[in-house]
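Contents: one structure, followed by commentary.
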Amino acid sequence: MLTNIVGSMVRFEAIQPGLQSRVFSTGSDNFSDFNLIGITQRGGASVLMENDQFEVAEFAVFCIPHKKKARVILPAGSQLWLLGYSDALTSLMIGSDLDSSKLAMLMRQLTITSSQKEEIEELFLPLLKLLQLEIGVVNKRSRTIICSIIRILLINTYRLNPIDTLHSVYSSDELVLQQFRQIVEIEFRNRRPVSYYCQELIMTYDRLHAICQRNLKKSPLQLINNRVLIEAISKLKKSTDSVQMIANALGYNEGSQLSHFIKKETGFSPSQIRHNFVKSGEASVSRLEQDFADWP
């Protein structure tokens with residue numbers, strides 16, 4: 001329901017200057033799965049996260065990822081726009097175009113982006129006011145419009161400061177793996193070679209291979225194949241589609257190619273998985289899913 005999308009999946013508040021400091025918390029209770037965007041229009045703010053304190057200057061944008069417990073401290077006299085959205089809406093925000101991997105990285109780390117008064121007033125305030133109007137009209141709220149506005153806000157944030165210069169709480173390896181994972185998620189159905197991912201990441205195969213092996217004990221190809229396998233098994237278990245239909249959806253020309261791949265990776269044929277693997281191989285399926293979900 002639309003009211004549910006706004007009521008439990010989006011939080012939006014224009015915080016006016018006050019006489020006392022105020023504190024806003026994220027990463028706990030109903031907000032554990034919320035991403036938070038803050039835009040300082042007047043004065044600054046402080047973000048306390050993982051025993052560190054980060055200062056946010058006037059006319060700046062900061063993003064706090066979901067499940068990160070943090071406190072935003074707003075001093076007296078400061079003016080701030082706070083926008084929170086459930087991680088369940090992430091795919092709608094990211095999309096599947098050239099900006100997607102950059103937005104995914106932006107949304108998965110603490111970032112603080114400095115700006116200028118003119119940029120906040122021209123690039124952000126019109127969108128924030130439009131979002132305020134859209135949310136305010138209860139009977140005509142549109143999830144598409146709300147998600148589109150938030151996506152544009154994120155794109156504007158990224159454009160203010162390239163992703164490699166944003167303040168990050170993650171190591172360089174983790175950032176590469178995050179971006180690699182997002183590109184895999186977008187492209188795994190197209191059977192892209194590893195060289196394609198290297199080009200998108202602007203790095204050599206040797207470097208990507210070393211990062212994957214060092215952190216996950218798997219090669220880039222193994223990680224890509226794991227994602228394809230998870231999707232194939234999921235479709236075999238949850239749908240009545242033929243092997244050929246599933247193969248086509250995953251970029252294979254022939255069903256026999258997918259069958260050979262599944263047999264090689266699991267030791268089971270598609271028919272065995274469909275009829276017998278739900279009970280006998282549930283642990284194996286869970287293990288494969290965990291391999292991908294546990295990426296940094």
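Any value given below was found using the heavy atoms of this structure, including those in side chains, with hydrogens, waters and symmetry copies removed.
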task = Output yes when a side-chain donor or acceptor of Ser46 lies under 3.5 Å from a complementary backbone atom of Phe54, and no otherwise.
result = no
request  = Assign the ring pair Phe12 / Trp81 to parallel, tilted or perpendicular, where the plane angle (0 to 90°) is split at 30° and 60°.
outcome  = tilted
inquiry  = Atom CZ of residue position Arg191 - does it have more than 12 heavy atoms of other residues, nucleotides or ligands inside 6.0 Å?
reply    = yes
inquiry  = Quick one, Ile112 and Val61 - any side-chain contact, counting heavy atoms below 4.5 Å?
reply    = no
key: Linked hydrophobic residues, Ile73 as query - side chain contacts closer than 4.5 Å   = Val23, Leu48
ask   = Under 3.5 Å, side chain of Ser86 to main-chain N/O of Leu89, donor-acceptor pair present?
value = no
Residue pair Arg227 / Leu223, side-chain heavy-atom distance below 4.5 Å = no
message = As an exercise, state the distance from CD1 of Ile150 to CD1 of Ile155, rounded to the nearest 0.5 Å.
response = 12.5 Å
ask   = Are side-chain heavy atoms of Phe180 and Ile224 found at a separation under 4.5 Å?
value = yes
ask   = Is Phe124 close to Asn156 at the side-chain level, that is, under 4.5 Å between some pair of heavy atoms?
value = yes
Check: Gly43 main-chain N/O paired with Glu58 side-chain donor or acceptor under 3.5 Å = yes
Inter- and intrachain pairs under side-chain hydrogen bond (donor to acceptor under 3.5 Å, both in side chains), touching residues 116-134, at least two apart = Ser115-Glu119
task = Give, for atom SG of Cys212 and atom CG of Leu221, the distance between the pair rounded to the nearest 0.5 Å.
result = 10.5 Å
ask   = Backbone N or O of Ser25 within a donor-acceptor pair of the Arg71 side chain at under 3.5 Å?
value = no
ask   = For Glu50 and Lys69, what are the C-alpha separation, side-chain angles and deciding distance, and is it a salt bridge (Lys or Arg N to Asp or Glu O under 4.0 Å)?
value = CA-CA 8 Å; Glu50 297 181 347; Lys69 291 187 177 181; over 6 Å; no
query = Are Phe34 and Tyr85 an aromatic pair by the rule of ring centers under 6.0 Å?
reply = no
query = If you round to the nearest 0.5 Å, how far is OG of Ser148 from CZ of Arg151?
reply = 8.5 Å
request  = Just grab all the ring-ring contact (aromatic ring centres under 6.0 Å, His included) pairs involving residues 226-263, residues at least two apart or on different chains.
outcome  = none
query = Considering all heavy atoms of both residues, which atom of Ala249 and which atom of Lys235 are nearest to each other, and what is their separation?
reply = CB-CE, 4.4 Å
message = If you define the side chain from C-beta out and look only at heavy atoms, does anything of Gln213 sit under 4.5 Å from Lys218?
response = no
ask   = Can you list the steps and then say if Asn225 with Gln222 is a side chain to side chain donor-acceptor pair (under 3.5 Å)?
value = CA-CA 5 Å; Asn225 284 344; Gln222 286 175 311; over 6 Å; no
inquiry  = Main chain of Leu74, side chain of Ser78: is a donor-acceptor contact present, judged purely on distance under 3.5 Å?
reply    = no
task = Please collect all ring-ring contact (aromatic ring centres under 6.0 Å, His included) contacts where either partner lies in residues 202-246, sequence neighbours excluded, each pair once.
result = Tyr205-His209
inquiry  = Any heavy-atom pair between the side chains of Val176 and Met203 that's under 4.5 Å?
reply    = yes
inquiry  = As a quick check of understanding, evaluate side chain to side chain contact (heavy atoms under 4.5 Å, CB included) for Leu83 and Leu36, giving each step before the final call.
reply    = CA-CA 6 Å; Leu83 170 60; Leu36 184 72; 6.0 Å; no
message = Using a 3.5 Å distance criterion without hydrogens, assess whether the side chain of Gln272 forms a donor-acceptor pair with backbone atoms of Ser269.
response = yes
Show every donor-acceptor pair shorter than 3.5 Å between a side-chain atom in residues 240-247 and any protein atom, with sequence neighbours excluded, or say none if there are none.
unit_1	atom_1	unit_2	atom_2	d
Ser242	OG	Met245	N	3.1
Gln244	OE1	Gly255	N	2.9
Gln244	NE2	Asn248	OD1	2.9
Gln244	NE2	Asn253	O	3.1

ask   = Is the backbone of Ala60 close enough, under 3.5 Å, to the side chain of Thr40 for a donor and an acceptor to pair up by distance?
value = yes
key: With sequence neighbours excluded, residues passing salt bridge (charged side-chain N to carboxylate O under 4.0 Å, His left out) with Arg189   = Glu231
query = Quick check: does any side chain N or O of Arg159 sit under 3.5 Å from a backbone N or O of Leu154, one acting as donor and the other as acceptor?
reply = no
task = Inspect the surroundings of CD in Gln53 and state if more than 12 heavy atoms from other residues, nucleotides or ligands are less than 6.0 Å away.
result = yes
key: Derivation and outcome, side chain to side chain contact (heavy atoms under 4.5 Å, CB included), residues Val72 and Ile64   = CA-CA 10 Å; Val72 179; Ile64 300 174; 3.9 Å; yes
